[in-house]
Participant: 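Shown below is the structure under consideration.
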Amino acid sequence: MSDQSTVDPKAVIDDLQRQLAATSRATRPHEHAVLAYRLGLAHAESPLGNPAEQLRKALAFYDVAAGIFDPRFEPVQHARVLNAAGAAHRGLGDRAKASELFEKAVALFVEGGTENERAAAYNNLGLCRTEMGQPLAGVEAFDAAIALFDSYTDEGKRGIISTLHNRGQAHTGIGTEEGLEAALADFEEARGMIDPDENPLHHGMVEHSVGVTCSALAKLSADGRSAFLQEAVRAFNNSLEVFTRTAFPYYHALVKHNLGMAYEAQGGTANLRRALVSFEDALAVFDTRLHAEAWRQAFASLERVEKALDAGDHKTRTDHYAALLAVAQLEERTMLVRERIFRLLAQPEPRRTTTVAEVARAVGLLGYDDGRKVYEAIMKLVIELPQETQSVSLRAIIAGHASIEDEEVRIEADRAIDQAIGDALGGPQRVAVRDFMAGEGWERP
């Protein structure tokens, strides 16, 4: 059975084109204009083909509709077309033309329509002005939009949240400490209105903006530096709950890099290691072809922190990761283990086995006490995995320990994993894991 909720963009466009061709402009001008407007929207929103080409097609149909809807007699309909055309011009990079159309739409919406529509046009105008390097003029437009949105409707509430976020970015664009403080106030107001379950993307974007703004304010505020950086870290981590590696890879990497910068700014060995881990996570996602500049920035950040951590003991990045796990609190340790192990296991062979083995070796080298508590977090994750991935993980742990040259250290590592198996797993699970490892040649200490 087909999914009736799935909309085929091409079928929608083809159907609207047939209707438009069958509707005479001479005898049924209003209906012709409505269909042309709808066809323009369909092209503008279509995920098919070249986006710029789709926007140019949309503009051609908007021109037809705008030529029929007389602004003297049908101001609202004409304003809707202008607002849509402005969005298309903005998408094509012609912000001056877009700004002109949004200004006309705002004026025409005074003649009728809803306040939410006029507010949306003001919001679009504010975006254009901000992007044109006119943040103060952008703030003015956003102010007008927020005053018009109806906060008692879901549409209006979403509009206010979006416009508050946009106004915050305009305030940031002013480039002063006062502008940053005003931006943070905007983001905090938006934050207070958002239900993360109902508006996850708004939640993720606003949290990221809070983090960026707090990081910027930390550079300017000697007294509040620590508090701003702590809030930045908290906000970036909140954002990562939405921008996951699998669902939003680019934004995940972007937030990870910014999170690493906030950790680096806090200073201290543990925070530098947190920064290193964050930069590694970002680099694992950025594509060197598609995100070349972002990749270069993240790599430069990683090298800078690696150099700061170099105390002459020649620790690898994986050694630093394991050392961070040893000092992290349980909740953070669990999160760090899950993120890293899942990412490593997603790699093709033999890379996934060798990288997990590297982690196991680094954890084994921590010594019994630290190794045991880190392995407890690892084993709680491993036991949740599908059978095949679980087997890969356990073989990699055995291989990691086998690579430890010092026999006494290797025995301590084996004692740590054995105790962790006992502490982390239930009776049947303990027996199954130990039997599997014994079958792979591991000798229980």
Side-chain angles (χ1 to χ4, degrees), residues 87 90 95 98-99 102 106 116 118-151 154-196 198-221 224-225 227-243 248 250-252 254-255 257-259 261-262 265:
R90 177 172 170 248
R95 294 181 178 84
S99 184
F102 291 139
V106 163
N116 281 345
R118 191 174 179 219
Y122 264 124
N123 182 44
N124 288 335
L125 177 59
L127 286 169
C128 271
R129 287 175 173 175
T130 303
E131 291 164 355
M132 291 166 68
Q134 304 167 11
L136 288 173
V139 168
E140 183 182 331
F142 293 135
D143 287 345
I146 290 169
L148 285 169
F149 276 120
D150 181 358
S151 62
D154 289 341
E155 179 190 0
K157 186 176 179 181
R158 286 193 299 270
I160 292 172
I161 291 169
S162 179
T163 306
L164 282 168
H165 185 243
N166 294 336
R167 189 173 72 180
Q169 292 180 317
H171 275 133
T172 299
I174 296 171
T176 63
E177 185 172 359
E178 292 77 12
L180 289 171
E181 289 171 350
L184 187 58
D186 285 333
F187 299 142
E188 290 287 5
E189 186 176 349
R191 195 188 224 179
M193 296 178 65
I194 294 173
D195 182 331
E198 291 184 9
N199 301 293
L201 289 181
H202 274 137
H203 173 64
M205 291 172 64
V206 168
E207 291 294 333
H208 181 244
S209 293
V210 168
V212 170
T213 307
C214 285
S215 294
L217 282 167
K219 295 177 182 178
L220 302 174
S221 173
R225 175 181 171 81
F228 278 129
L229 288 173
Q230 288 175 23
E231 179 56 26
V233 166
R234 189 169 76 90
F236 288 137
N237 279 316
N238 288 343
S239 182
L240 287 169
E241 292 177 5
V242 177
F243 297 131
F248 300 94
Y250 174 76
Y251 287 107
H252 178 82
L254 181 66
V255 179
H257 182 252
N258 288 332
L259 174 62
M261 297 284 281

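Just so it is clear, the model here is predicted, and its values are computed rather than measured.
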Participant: Would you say the side-chain atoms of Arg158 pair up with the backbone N or O of Asn199, donor to acceptor, closer than 3.5 Å?
Facilitator: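 Answer holds: no.
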
Participant: If you apply the rule side-chain contact (heavy atoms from CB on, under 4.5 Å), what do you find for Asn258 with Ser215, and how did you get there?
Facilitator: CA-CA 9 Å; Asn258 288 332; Ser215 294; over 6 Å; no

Participant: So how far is it from Leu254 CG to His257 NE2, rounded to the nearest 0.5 Å?
Facilitator: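 These two atoms lie 9.0 Å from each other.
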
Participant: Give me the atom names and distance for the closest heavy-atom approach of Gly211 to Ala235.
Facilitator: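 Gly211 and Ala235 have their closest heavy atoms at N-CB, 3.7 Å.
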
Participant: Between CG of Leu136 and NE2 of His171, what distance do you get to the nearest 0.5 Å?
Facilitator: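 Leu136 CG to His171 NE2: 8.0 Å, rounded to 0.5 Å.
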
Participant: Does any part of the side chain of Gln169, heavy atoms only, come nearer than 4.5 Å to the side chain of Phe187, both counted from C-beta?
Facilitator: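 Result yes, sub-4.5 Å side-chain heavy-atom pair found.
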
Participant: I need the Ile194 CD1 to His165 NE2 distance, nearest 0.5 Å.
Facilitator: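 Ile194 atom CD1 to His165 atom NE2 measures 8.5 Å (nearest 0.5 Å).
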
Participant: If you measure from CD1 on Ile146 to CD1 on Ile161, what distance do you get to the nearest 0.5 Å?
Facilitator: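 These two atoms lie 11.0 Å from each other.
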
Participant: Heavy atoms only: give me the nearest Cys128-Phe102 pair and the separation to one decimal.
Facilitator: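 Where Cys128 meets Phe102 most closely, the heavy atoms are SG-CE1, 3.6 Å.
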
Participant: Got Leu184 and Leu180 here, is their nearest side-chain heavy-atom distance under 4.5 Å?
Facilitator: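 When only atoms from C-beta onward are counted, Leu180 and Leu184 do not touch, as no gap falls below 4.5 Å.
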
Participant: What heavy-atom pair brings Gly168 and Asp186 nearest, and what distance separates the two atoms?
Facilitator: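 Taking every non-hydrogen atom into account, N-OD2, 3.4 Å.
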
Participant: Would you name the heavy atoms of Ala141 and Arg129 that are closest together and state the gap between them?
Facilitator: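 In this case the closest contact between Ala141 and Arg129 is CB-NH1, 3.9 Å.
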
Participant: Treating Thr213 as the side-chain partner and Ser209 as the backbone partner, does any N or O pair qualify as donor plus acceptor under 3.5 Å?
Facilitator: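 Such a contact is found between Thr213 side chain and Ser209 backbone.
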
Participant: Given Phe142 and Leu127, is the side-chain contact (heavy atoms from CB on, under 4.5 Å) satisfied, shown in steps?
Facilitator: CA-CA 8 Å; Phe142 293 135; Leu127 286 169; 4.2 Å; yes

Participant: Side chains of Glu131 and Arg90: closer than 4.5 Å at any heavy-atom pair?
Facilitator: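 In contact.
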
Participant: Check whether any side-chain heavy atom of Met193 sits under 4.5 Å from a side-chain heavy atom of Lys157, and report yes or no.
Facilitator: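 SC-SC contact between Met193 and Lys157 confirmed.
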
Participant: State, with a plain yes or no, whether a side-chain heavy atom of Asn116 is found less than 4.5 Å away from one of Leu148.
Facilitator: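 Not touching, per the 4.5 Å side-chain cut-off.
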
Participant: Please work out which of the three classes, parallel, tilted or perpendicular, describes the rings of Phe248 and Phe243, given edges at 30° and 60°.
Facilitator: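 Rings of Phe243 and Phe248: perpendicular, over 60°.
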
Participant: Is a donor on one side and an acceptor on the other found under 3.5 Å between the side chain of Thr130 and the backbone of Pro135?
Facilitator: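 The answer is no, because no donor-acceptor pair under 3.5 Å joins these two groups.
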
Participant: At their closest point, which heavy atom of Gly204 faces which heavy atom of Ser239, and how far apart are they?
Facilitator: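 Looking at all heavy atoms of both residues, the closest pair is O-OG, 2.9 Å.
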
Participant: Can any side-chain N or O of Asn237 pair as donor or acceptor with the backbone N or O of Val233 at less than 3.5 Å?
Facilitator: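 Such a contact is found between Asn237 side chain and Val233 backbone.
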
Participant: Are any of the side-chain heavy atoms of Glu207 and Phe236 separated by less than 4.5 Å?
Facilitator: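 Side-chain contact under 4.5 Å: no.
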
Participant: Let me confirm one number: the CD1-CG distance from Ile160 to Asn123, rounded to the nearest 0.5 Å.
Facilitator: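 One finds 11.0 Å between CD1 of Ile160 and CG of Asn123.
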
Participant: Are any of the side-chain heavy atoms of Val106 and Arg118 separated by less than 4.5 Å?
Facilitator: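 A side-chain contact exists here, since the closest heavy-atom pair is under 4.5 Å.
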
Participant: Is the shortest side-chain N to carboxylate O distance from Arg234 to Glu231 below 4.0 Å?
Facilitator: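 A salt bridge is present here (some side-chain N lies under 4.0 Å from a carboxylate O).
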
Participant: Which atom names give the shortest non-hydrogen contact between Phe149 and Ala120, and what distance separates them?
Facilitator: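 Scanning both residues completely, I find the closest heavy atoms to be CZ-N, 3.8 Å.
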
Participant: Identify the residue among His203, His208, Met205 that makes a side chain to side chain contact (heavy atoms under 4.5 Å, CB included) with Val242.
Facilitator: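 Testing Val242 for a side chain to side chain contact (heavy atoms under 4.5 Å, CB included) against His203, His208, Met205 leaves exactly one candidate, His203.
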
Participant: Could you check whether any side-chain N or O of Ser99 sits under 3.5 Å from a backbone N or O of Arg95, counting only pairs where one atom can act as donor and the other as acceptor?
Facilitator: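 No; zero donor-acceptor contacts below 3.5 Å.
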
